[in-house]
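Notes follow once the structure below has been shown.
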There are 2 protein chains.
Amino acid sequence: MVSKSKMDGSIGAKNKQKILAAAEKAFATYGFKGTSVQQIADEAELPKTNILYYFKSKQGLYAALLQDIMSLWNSRFDQVTENDDPAESLADYINDKMTMSRTHPQASKIFAMEVLNGAPYLHKYFRSEHVAWTDGRIEILNHWIKQGKMKAVDPQYLLFNIWACTQHYADFSSQITSLRGKAMKRADFDEATRQLIQLVLSGCGLSVPKKYQESAE
Amino acid sequence: MVSKSKMDGSIGAKNKQKILAAAEKAFATYGFKGTSVQQIADEAELPKTNILYYFKSKQGLYAALLQDIMSLWNSRFDQVTENDDPAESLADYINDKMTMSRTHPQASKIFAMEVLNGAPYLHKYFRSEHVAWTDGRIEILNHWIKQGKMKAVDPQYLLFNIWACTQHYADFSSQITSLRGKAMKRADFDEATRQLIQLVLSGCGLSVPKKYQESAE
DNA sequence: AAAAAAAGTGACTAAATGGTCAGGAAATTG
DNA sequence: CAATTTCCTGACCATTTAGTCACTTTTTTT
């Protein structure tokens, strides 16, 4: 009676996943407007009407996908406290974000497009959870600075710059691939991560933790 | 007989400019697919057919606009030689790029979208002029490193990271504005520029030139 | 196994949109 | 001023596309 349905491991849940995966690929490649429901259907190997059956509309599908994507944005940095080590915490954060760019470039691209277009679907999120998260991190960074554990950089701009660099390797991969003549592999990402950690930590007056000094962790 | 036309200061040139400005605004806000020729026409206060009269097609207009945009990408860093000072050269470059993000955010967004979508129109440019420019800059940076003028960072990733950070302030302005509660003004950009210069130069083992140490230049 | 709920789909529609075309107005030129 | 070129535009069209609907099939529940 109380239909548990839909969210079960049932057939519906499987198809929803299939559709979301297809939508992620299509939206990341062609953008929201540039993707037709038919394309997603083809990619998912399902009839178009079936897409609209599970998600009320193209927008509904996009919103659901965006929510999925935002849940990937978590990292060890969420749990950091002022008692943790700045160098290791920041290095881990950069490493986590670089790993995301390598393993989920499509998600990063969709996020980037959403923000580029004025973030109509993420406005709410930005002004609530996201601002809370950011303020919390800034507080910790300021604490570290006050304690003399790191150089007095502006924590806000530091975070912006970390986001910028890490996401860049996913979002601008086509430019990077063209310039390098070949796509970045795992080893290249590891090297880029080490370079970025070195740049940021030096800039913050911190020394690079051993595990990020030579080969990857 | 030899029609000089079109490129004159004539009425056509004026309208083309008007259309390009309208297209820049529209494409930056809604993307290529998300913008209709009618929207551009409304923005330019011209009938739709007039747009198609000056530019053969929507794609033609986009291509023309993109070419315009790419010509903005020049900076003092283009003329730098190995005899120049690394700290000042890099600081100036970062400053130039930040200024671009502040004064031409729409151009930056259109470029970002183009690259996000796989850079179909810029592939050629990337693989010719752009790779030549980049290789030239890398050579100079390597020269500085060999001479012990700066820390041995990977010049390629250094450039990527500079592009990422500077463009971020234009491309992700909606996120930044949401988090800060207000848009970044001139003074905020100056502060962000100083912070970034400090971060990058420290990371390269360079000291910040006086003109970028306190208030803006 | 009957009933009910969920899954699935082909045919269709209404709206949006890029682009064409024929003809006319205005400007420029000889 | 006549001729030529440039400029301009309303009417129209072909295509794409999100979404609806009526109806069938499959799965689950009782």
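On a predicted model such as this, the values are computed, not experimentally measured, just so you know. Numbers restart at 1 for each chain; the letters A, B, ... are given by sequence-line order, proteins then strands.
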Selected nucleotide, minimal atom distance to B:L52 side chain, candidates D:dA18, C:dT20, D:dC8 = C:dT20
message = One thing to verify: whether A:R180 and A:D188 come together as a salt bridge, which I'm taking to mean a side-chain N less than 4.0 angstrom from a carboxylate O.
response = yes
query = Can you check the A:E45 CD to C:dT9 C1' distance for me, whole Å?
reply = 17 Å
key: Carboxylate-amine/guanidinium proximity below 4.0 Å for B:K109 and B:D171   = no
Short side-chain N/O contact from B:N15 to OP1 or OP2 of D:dT6, under 4.0 Å = no
task = Check whether the ring centres of A:W73 and A:F111 lie less than 6.0 Å apart, and answer yes or no.
result = yes
query = Can you check the B:I51 CD1 to D:dG10 C1' distance for me, whole Å?
reply = 16 Å
inquiry  = Quick check for you: among C:dG10, C:dT17, D:dG10, whose closest atom lies nearest to any side-chain atom of A:T49?
reply    = C:dG10
message = Output the rounded distance in Å from CD1 (A:I40) to P (D:dT17).
response = 12 Å
remark   = Considering only heavy side-chain atoms of A:N50, the closest of D:dG19, C:dG19, C:dG8 is C:dG8
request  = Please tell me which of the listed nucleotides, C:dG18, D:dG19, C:dA7, lies nearest to the side chain of A:Y54?
outcome  = C:dA7
message = Does the Lys NZ or Arg CZ of B:K33 fall within the cation-pi geometry relative to A:Y30 - under 6.0 Å from the ring centre and within 45° of the axis?
response = no
note = Between NZ of B:K58 and P of D:dT16 the distance, given in whole Å, is 15 Å
query = Over how many whole Å does the gap from B:K16 atom NZ to D:dT6 atom P extend?
reply = 12 Å
inquiry  = Could you go through B:Y62 and B:I110, starting from their C-alpha distance and side-chain angles, then the distance that decides it, and tell me whether this counts as side-chain contact (heavy atoms from CB on, under 4.5 Å)?
reply    = CA-CA 10 Å; B:Y62 178 72; B:I110 290 169; 4.2 Å; yes
key: Presence of donor-acceptor pair under 3.5 Å, side chain of B:K48 and base of C:dG18   = yes
remark   = Rounded to whole Å, NZ of A:K18 lies from P of C:dG8 at a distance of 9 Å
Closest to the A:Y53 side chain, choosing from C:dG8, D:dC7, D:dG19 = C:dG8
query = Expressed in angstrom and rounded to an integer, what is the separation of B:Q38 atom CD from C:dA15 atom P?
reply = 17 Å
message = Output the rounded distance in Å from CD (A:Q59) to C1' (D:dT17).
response = 14 Å
